[in-house]
Amino acid sequence: MFKIFETRSKEECLCDKYKSLMHKSYKVALTDKEESDRLNARAKKILKELKRMRYDKIDR
């Protein structure tokens, strides 16, 4: 009915966070390599957590 009343699982939240960090990392890579590496490292930690939870909706 209304999207605001739907609860999201932890896996969905982590997946969204992973996607946004990877997108930011890609955009920043053109100007600041170190910041891009930091964002990419954070995204990889989230990806490991998702794999540990066996979340099957991640793009490989």
Side-chain angles (χ1 to χ4, degrees):
M1 185 176 188
F2 295 110
K3 272 261 203 230
I4 58 172
F5 296 118
E6 292 179 11
T7 57
R8 294 176 39 195
S9 67
K10 183 176 180 182
E11 292 89 4
E12 290 172 330
C13 292
L14 285 174
C15 191
D16 288 343
K17 191 170 187 176
Y18 169 76
K19 287 179 185 179
S20 70
L21 282 172
M22 288 303 288
H23 182 71
K24 285 179 188 176
S25 172
Y26 177 74
K27 286 199 156 216
V28 171
L30 299 173
T31 58
D32 189 2
K33 175 74 170 134
E34 291 177 6
E35 181 66 22
S36 174
D37 289 343
R38 272 186 246 130
L39 290 170
N40 200 353
R42 284 175 49 198
K44 285 185 179 186
K45 286 181 185 177
I46 292 173
L47 182 62
K48 284 182 184 178
E49 173 113 11
L50 284 168
K51 284 183 178 179
R52 192 170 48 102
M53 287 194 268
R54 299 177 193 220
Y55 189 62
D56 58 352
K57 294 183 182 175
I58 20 177
D59 299 328
R60 296 176 186 194

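Numbering starts at 1 and runs along the sequence shown.
Under the 4.5 Å side-chain criterion, counting only non-hydrogen atoms from C-beta, Leu14 is in contact with Met53.
Annotation: side chain to side chain contact (heavy atoms under 4.5 Å, CB included) contacts of Lys44 (sequence neighbours excluded): Asn40. Among residues two or more places apart in sequence or in another chain, the salt bridge (charged side-chain N to carboxylate O under 4.0 Å, His left out) test is passed with Lys10 by Glu49. Scored by the side chain to side chain contact (heavy atoms under 4.5 Å, CB included) test, Asp32 finds Val28, Glu34, Glu35 as partners (sequence neighbours excluded). Residues passing the side-chain hydrogen bond (donor to acceptor under 3.5 Å, both in side chains) test with Lys48, sequence neighbours excluded: none. Residues satisfying the side chain to side chain contact (heavy atoms under 4.5 Å, CB included) test with Asp16, not counting sequence neighbours, are Arg8.
Grouping the Ile, Leu, Val, Met, Phe, Trp and Tyr side chains by contacts below 4.5 angstrom, directly or via other members, places Tyr26 apart from Ile46.
Nearest heavy atoms, Glu11 versus Leu50: O-CD2, 3.7 Å.
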